[in-house]
Amino acid sequence: MGKFQVMDHPLIQHKLTIIRNKNCGTKVFREVVNEITMLMAYDVARDMPLEDVEIETPIAKMTAKQLAGRKVAVVPILRAGIGMVDGFLQLIPAAKVGHIGMYRDEETLEPHEYFLKLPEDIGSRQVFVVDPMLATGGSAIMAIDALKKHGATNLKFVCLVAAPEGVKALQDKHPDLDIYTAALDDHLNEDGYIVPGLGDAGDRLFGTK
Ligand SMILES: O=P(O)(O)OC[C@H]1O[C@H](OP(=O)(O)OP(=O)(O)O)[C@H](O)[C@@H]1O
Ligand SMILES: O=c1cc[nH]c(=O)[nH]1
Ligand SMILES: [Mg+2]
């Protein structure tokens with residue numbers, strides 16, 4: 001079974017409260033999503049492999065550590081996942097970026113894929129799939145399905161707010177997947193929104209409503 005981790009560091013909780021507030025405007029929402037993602041990326045990358053490298057400091061020779069060859073890809077689920085890309089790139093600037101376009105039908109809540117463009121060597125990369133919201137889990141499940149179909153094997157899913165229903169569905173379909181969230185909320189409402197949640201992450205990031 002993959003890992004399930006709620007990353008509830010005080011700085012993350014504080015910043016999450018800022019973006020949950022309905023009075024938070026687009027500019028601050030975007031900035032704070034980026035800050036939270038950076039804080040999460042720091043810890044999500046904790047098990048990246050290291051290797052020894054011989055260097056010289058101004059004082060002496062030493063055997064030091066550097067990240068070992070494994071290459072990274074960040075894959076946002078469009079649109080809202082775009083808000084989490086820079087937070088990863090600020091810490092792992094050499095990462096490649098793939099995109100999966102997905103929208104939820106507002107009536108049925110079924111996900112629909114409309115775009116997919118991945119780095120060619122996705123199969124050899126550590127892949128961080130990012131989307132602020134894990135609600136029914138439908139979008140994340142379909143995105144991970146697509147990534148596996150294209151050869152990805154080393155996958156982690158990173159979100160800001162998860163509903164228990166979505167976590168269960170995603171774990172049931174992809175038991176090997178590591179899931180990281182900044183908060184595990186209470187439930188989904190009848191419209192498929194996370195309660196208390198933060199509303200529609202895409203609309204709040206891009207100011208479309
Ligand atoms: O777990 P689910 O029930 O599938 O819901 C979560 C999805 O809903 C939102 O995207 P949305 O469909 O609103 O698209 P957008 O990012 O373009 O706004 C969110 O960013 C997730 O991708
Ligand atoms: O609460 C929710 C559920 C799905 N998508 C969102 O953006 N917010
Ligand atoms: Mg949306």
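Just so you know, ligand 1 is whichever comes first in the structure, and atom 1 is the first atom listed for that ligand. This is a predicted model, so every value here is computed, not measured. Atom set for the values below is all heavy atoms of this structure, side chains included, hydrogens, waters and symmetry mates excluded.
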- Task: Quick one: pull up CD in Glu35 and CD1 in Ile19 and give me the separation to the nearest 0.5 Å.
- Result: 10.0 Å
- Message: Would you say Thr208 and Arg79 are linked by a side-chain donor-acceptor pair, where the criterion is simply a distance under 3.5 Å?
- Response: yes
- Polar side-chain atom of Arg204 near backbone of Cys24 as donor-acceptor pair, under 3.5 Å: yes
- Query: Below 4.0 Å from any atom of ligand 2, is there a heavy atom belonging to Gly199?
  - Reply: yes
- Item | Ligand-side contact atoms (ligand 2) for residue partner Arg104, heavy atom cut-off under 4.0 Å | 3 (C), 4 (C)
- Query: Side chain or backbone of Thr136 under 4.0 Å from ligand 1, or both, or neither, by non-hydrogen atoms?
  - Reply: both
- Please confirm whether Leu134 comes within less than 3.5 Å of ligand 1 when only nitrogen or oxygen atoms on both sides are compared. no
- Task: Starting at CD1 of Ile36, measure out to NZ of Lys15 and round the result to the nearest 0.5 Å.
- Result: 7.5 Å
- Message: Measuring from non-hydrogen atoms of Arg204 to any atom of ligand 2, is the shortest distance under 4.0 Å?
- Response: no
- Which is it for Asp200 and ligand 1 at heavy atoms under 4.0 Å: side chain, backbone, both or neither? side chain
- Query: Is it true that the side chains of His9 and Asp43 contain a donor and an acceptor less than 3.5 Å apart?
  - Reply: no
- Task: May I ask whether Gly137 has any heavy atom positioned less than 4.0 angstrom from an atom of ligand 1?
- Result: yes
- Message: Closer than 4.0 angstrom, basic N to acidic O: yes or no for Asp200 and Arg104?
- Response: no
- What part of Ser139 sits under 4.0 Å from ligand 1 if we count only heavy atoms: the side chain, the backbone, both or neither? both
- Task: State the atoms of ligand 2, each with its element, that fall below the 4.0 Å cut-off from a heavy-atom position in Ile194.
- Result: 1 (O), 2 (C)
- Asp52 versus Thr63, side-chain donor and acceptor atoms under 3.5 Å: no
- Subset of ligand 2 atoms that lie under 4.0 Å from at least one heavy atom of Ala201: 6 (C), 7 (O)
- Message: Check the orientation of His112 and Tyr103. Use parallel for under 30°, tilted for 30 to 60°, and perpendicular for over 60°.
- Response: parallel
- Any atoms of ligand 1 less than 4.0 Å from a non-hydrogen atom of Gly202? List them with their elements. 18 (O)
- Pairing of Lys71 and Asp121 as salt bridge, 4.0 angstrom limit: yes
- Task: May I ask you to decide whether Asp172 forms a salt bridge with Lys168, counting only side-chain N to carboxylate O separations under 4.0 Å?
- Result: yes
- For ligand 2, which atoms have a heavy atom of Ala135 less than 4.0 angstrom away? 3 (C), 4 (C)
- Task: Consider every N or O of Met133 and every N or O of ligand 2, then say whether any pair is closer than 3.5 Å.
- Result: no
- Message: With a cutoff of 4.0 Å, is Gly192 in contact with ligand 2, counting heavy atoms of the residue only?
- Response: yes
- Determine, considering heavy atoms only, which of Asp131, Ile77, Val130 sits nearest to atom 19 (C) of ligand 1. Asp131
- Task: Return a yes/no value for Ala80: is any of its N or O atoms, backbone included, closer than 3.5 angstrom to an N or O of ligand 1?
- Result: yes
- Looking only at non-hydrogen atoms, which of Arg204, Lys209, Met133 approaches atom 6 (C) of ligand 1 most closely? Met133
- Best match, Glu106, His112, Arg104: closest heavy atom to atom 11 (P) of ligand 1: Arg104
- Note on the structure: ligand 1 to Tyr103, heavy atom cutoff 4.0 Å, flagged ligand atoms 12 (O)
- Short side-chain to backbone donor-acceptor contact, Thr181 and Leu184, under 3.5 Å: no
- Query: If you measure from the Lys or Arg side-chain nitrogens to the Asp or Glu carboxylate oxygens, is any gap between Asp176 and Lys148 under 4.0 Å?
  - Reply: yes
